[in-house]
Amino acid sequence: MINLDNYSSIFIANWKLNGNYSFLKEYYEKLKVNSNNCTIICSSSIYLQSLKGNNKNLFCGAQDVSLFKEGAYTGELSASMLRDNNIDFCLVGHSERRQYFAETNNNVKTKSLNLIEENIIPVICIGETLEQKENNLTEEILFTQIKESIPNSATHQNALIAYEPVWAIGTGLTPTLDEINQVHELIKNFDQKFINYKVLYGGSVKSSNSKEITELTHVDGCLIGGASLKVDEFNTIIS
Ligand code: PEP
């Protein structure tokens, strides 16, 4: 398993349902990975094999994994299949999966458990909606998501947490820097066992705000959606 402690920051590109072979070729020709950081590209699973290169600081991640280990589940991709293909990371519980595919905290927990068993690092995504934020429910929602989505076998060495306020994803809106830092501190302090977890921030990160976000004391990197599709923009973020 990758030693997360070797990296000062972690940057994850979430390409969502975007990309094709020519996109990928051009992207890789221009991508400049920084050796202090761990950079992970989460493409659609069908392209993951083509993404694997020789750069020791560049990793591939899946965007989802099956709840099931094997059997009659047409269209699914299991954690052991990802391992078989040397995939080291996998997003779980992204708000788009929670929203459009009815993924529950319990599903996220099972998927994370299956991934950890296969030595794949789950990137467990949590975050509140705008309505929850406006009703001062952020802490309560995050606490419930953490309690119900993170399996007991998870540790700071085999799992990552991504704080992604749902209202900040793809909207151009972000919490203030103080808010981001406070929420990350809160997550790390929910329980003693989370103190050393790496917690990434996601939600409208771009080259113009990534530096100040990444420099926050309790932020250990970023999960980037839209801006990660532009390689020059992503290069600036990870530089
Ligand atoms: C995401 O999809 O995880 C995300 C953070 O998207 P964006 O950067 O586009 O807000």
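As the structure lists them, so they are numbered: ligands from 1, and atoms in each ligand from 1.
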- Message: Check for me whether A227 has a heavy atom closer than 4.0 Å to any atom of ligand 1.
- Response: no

- Task: With heavy atoms of G203 as the reference, note each atom of ligand 1 found under 4.0 Å away.
- Result: 5 (C), 10 (O)

- Message: Please work out, at 4.0 Å between heavy atoms, whether the side chain, the backbone, both, or neither of S228 comes within that distance of ligand 1.
- Response: neither

- Determine, using ring centers only, whether F234 and W15 are less than 6.0 Å apart. no

- Message: For atom 8 (O) of ligand 1, what's the nearest protein heavy-atom neighbour? Residue, atom name and distance, please.
- Response: G225 N, 2.8 Å

- ligand 1 versus I169: contacting region, heavy-atom distance under 4.0 Å: both

- Message: I'd like to know if K30 pairs up with D232 as an ion pair, taking the criterion as any Lys NZ or Arg NE/NH1/NH2 lying under 4.0 Å from an Asp or Glu carboxylate oxygen.
- Response: no

- Message: Using a 4.0 Å cut-off to any heavy atom of A168, which atoms of ligand 1 qualify?
- Response: 10 (O)

- Note on the structure: Within 4.0 Å of some non-hydrogen atom of L223, the atoms of ligand 1 are 3 (O), 5 (C)

- With atom 9 (O) of ligand 1 as the reference point, say which of G202, C222, G226 has the nearest heavy atom. G226

- Given E96, Q63, E164, K206, which has its nearest heavy atom closest to atom 5 (C) of ligand 1? E164

- Answer yes or no: are there more than 12 heavy-atom neighbours, outside E70 itself, under 6.0 Å from its atom CD? no

- Task: Inspect the contact between D88 and R83 and indicate whether a charged nitrogen and a carboxylate oxygen are less than 4.0 angstrom apart.
- Result: yes

- Message: Can you confirm whether E233 is buried at CD, in the sense that more than 12 heavy atoms of other residues, nucleotides or ligands lie under 6.0 Å from that atom?
- Response: yes

- Message: For the SG atom of C38 and the CG atom of N6, what is their distance to the nearest 0.5 Å?
- Response: 9.5 Å

- Item | Nearest protein heavy atom with distance in Å, relative to atom 1 (C) of ligand 1 | H94 NE2, 3.2 Å

- Of T110, N105, T144, the residue whose pairing with S149 passes side chain to side chain donor-acceptor pair (under 3.5 Å): N105

- Inter-residue atom distance K69.NZ - M81.CE, 0.5 Å rounding: 13.5 Å

- Atom indices of ligand 1, in the order listed, that fall short of 4.0 Å to a heavy atom of N14: 1 (C), 2 (O), 3 (O)

- Residue G170 vicinity, atoms of ligand 1 by number, heavy atom under 4.0 Å: 7 (P), 9 (O), 10 (O)

